[in-house]
Number of protein chains: 2
Amino acid sequence: MTARTPKPARRPNVAEALAEAIFSGDYQPGDFVPKELALCEQFAINRSAVRSDLRQLVDVGIIERISGHGSKVREYAEWNILDPLVTEWLTRYAAPNPKIQREILAFRLDVEPYVAMTAAKRATARDLVAIEEAFEGMGQNLHNASCPEERRLHSDYDVAFHAAIFKATHNIVWSQLSHILRPSIYLLVSMSNVSATDPEDSLERHRQLMESIRARRPRDAFLAAQAVLAGTAQALGLDAPESSLGHDLDIA
Amino acid sequence: MTARTPKPARRPNVAEALAEAIFSGDYQPGDFVPKELALCEQFAINRSAVRSDLRQLVDVGIIERISGHGSKVREYAEWNILDPLVTEWLTRYAAPNPKIQREILAFRLDVEPYVAMTAAKRATARDLVAIEEAFEGMGQNLHNASCPEERRLHSDYDVAFHAAIFKATHNIVWSQLSHILRPSIYLLVSMSNVSATDPEDSLERHRQLMESIRARRPRDAFLAAQAVLAGTAQALGLDAPESSLGHDLDIA
DNA sequence: AAGCTGCCATATGTCGGACATTTCGGCAAT
DNA sequence: ATTGCCGAAATGTCCGACATATGGCAGCTT
């Protein structure tokens, strides 16, 4: 039986499809998505399945179900952008939501230097292995940047690199927050055709960050993370506004 | 018809009930919760309703549904503790999860000083109103601490106070993270009978934090937030381990 | 004419039963 | 002892029906 299972064609994912439509702007906050029966017809599945998927969108705060009236898209501020599923959708469809992307990047500018500093204090050998593997993956997929597949791989390793640093804090909350990295890192890739930054420079900054963590030098890790993020912000056309943490405190 | 609607008795919330059982330790990671039909019988509702509620637990990462086998409780690390619903349940039933509580408090020790500093730079008049109202609510519900109702009110204002500071950063991610405050603040209350800290001292520290933000003094706000959190950590029997951000950077 | 009341259409919420699919465990043949 | 098949048990999906909540319109009252 070399033939694979003849029907891996599972049922269509209504949540996924609606998420794409909403994130792409087809439906905006305040709009109503099609009613259940319409979705049943459109996707050729039963109401139970449709309702199950709509429940997922409710649980992440994207839509609000009004009994007897319909399902309304909620305001962006009400979305659970910390939910892994939402960040996953943001990475794929969020081009038309530049505001959220900017806020996420601002958040990263805020916290990543601090996370790097904490990681430098608590990282174990196992954490360093994860960080190093991700780093090497970034390096190996840095050449012919014209190949989309390779650029995607590079981004995956980039995400893994930063996520590994978050995990090295050995704190559940920080670790789960690493999901927020994915959208902005992928956004960087999708715009990298116009990116003016030198990939080699970026890799070198990542190396310095990694080495600072390995050497358990929290302050160097803090500064190195600032440098990495500043590069990212610049590539996305955002001047690092005020990563003035060090500045304000050094006044002391 | 002075009689109210005779049946506001809505259907039992299976998700809520199961969450309480899981958070209380009746079911632990790896265990299987009762099968759908058993829950139908136990709560006297239909399978559709049961499945809808189970879907909610799946969406927040608490359980995992294995087709044809059952619903298994996932490891704590896989729970979406950043989801508002999960933090809500944590505030109510999390007594038997001291590990998660400690990690949340460690996270707060990490970020709240920085959040306070950022708020001091960006807070608008409207933000200050929210902070001040919460502060006054804390003060007015500080007397006879023996009254449980008043202690609950005090906690609510305490949460509102810290959440208002998070919102004053004017960043979506920070604002949504304020949900994480609730569990540890409520935990403090539930243990306050053995708390040795003076409520007046705590209130005074909060006042200094508020005034630093109002006066736009980021560094003072940073230090004041550290003082507030140190008090909280001490009351919960945790020495502030290493809020050494300032320390490490001041070495510079 | 303005405002209120009550009815009706619409869409979601719940119910009950049925069948399909997946998983696991046991039994039997190799 | 291993492999393969079969069947029990639980979840996934489907179908049809009724209950409930919401919004708007018609008609009546004032």
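Just the heavy atoms: all of them, side chains too, but no hydrogens, waters or symmetry mates, feed the values below. Every chain is numbered from 1 and lettered A, B, ... according to where its sequence line falls, protein lines coming before strand lines.
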[N] [atom2] sits how many Å from [X] [atom1], rounded?
| X | N | atom1 | atom2 | answer |
| --- | --- | --- | --- | --- |
| B:R10 | C:dT14 | CZ | P | 10 Å |
| A:E36 | D:dA19 | CD | C1' | 14 Å |
| A:R51 | C:dT14 | CZ | P | 7 Å |
| B:I66 | D:dG12 | CD1 | P | 10 Å |
| B:F32 | D:dT11 | CZ | P | 10 Å |
| A:D53 | D:dG12 | CG | P | 12 Å |
| A:E64 | D:dA21 | CD | C1' | 14 Å |
| B:L57 | D:dT11 | CG | P | 13 Å |

Any idea which of C:dG13, D:dT11, D:dG23 is nearest the A:H69 side chain?
D:dG23
Taking the side chain of A:I45 as heavy atoms from C-beta outward, which of D:dT13, C:dC15, D:dC14 is closest to it?
D:dC14
Would you say B:R65 places a side-chain N or O within less than 4.0 Å of OP1 or OP2 belonging to D:dG12?
yes
Any A:R11 side-chain nitrogen or oxygen under 4.0 Å from OP1 or OP2 of D:dG12:
no
Aromatic ring pairing A:W174/A:Y114, orientation class (parallel under 30°, perpendicular over 60°, tilted between)
tilted
Any donor and acceptor pair, going by atom type alone, linking the side chain of A:N141 with main-chain N or O of A:H154 inside 3.5 Å?
no
Taking the side chain from A:N13 and the backbone from A:E16, do they hold a donor-acceptor pair closer than 3.5 Å?
yes
Which residue lies more 5' along DNA chain D, comparing B:S67 with A:N46 via nearest heavy atoms
B:S67
Remember a base hit wins even if backbone is also touched, and classify B:L37 as base, sugar-phosphate or nothing at under 4.0 Å, heavy atoms.
nothing
Classify the side chain of A:R47 and the base of D:dG16 as holding, or not holding, a donor-acceptor pair under 3.5 Å.
no
Tightest non-hydrogen contact, residues A:R122 and A:T169, listed as NH1-O, 3.0 Å
Charged N to carboxylate O below 4.0 Å: is that the case for B:R65 and B:E36?
yes
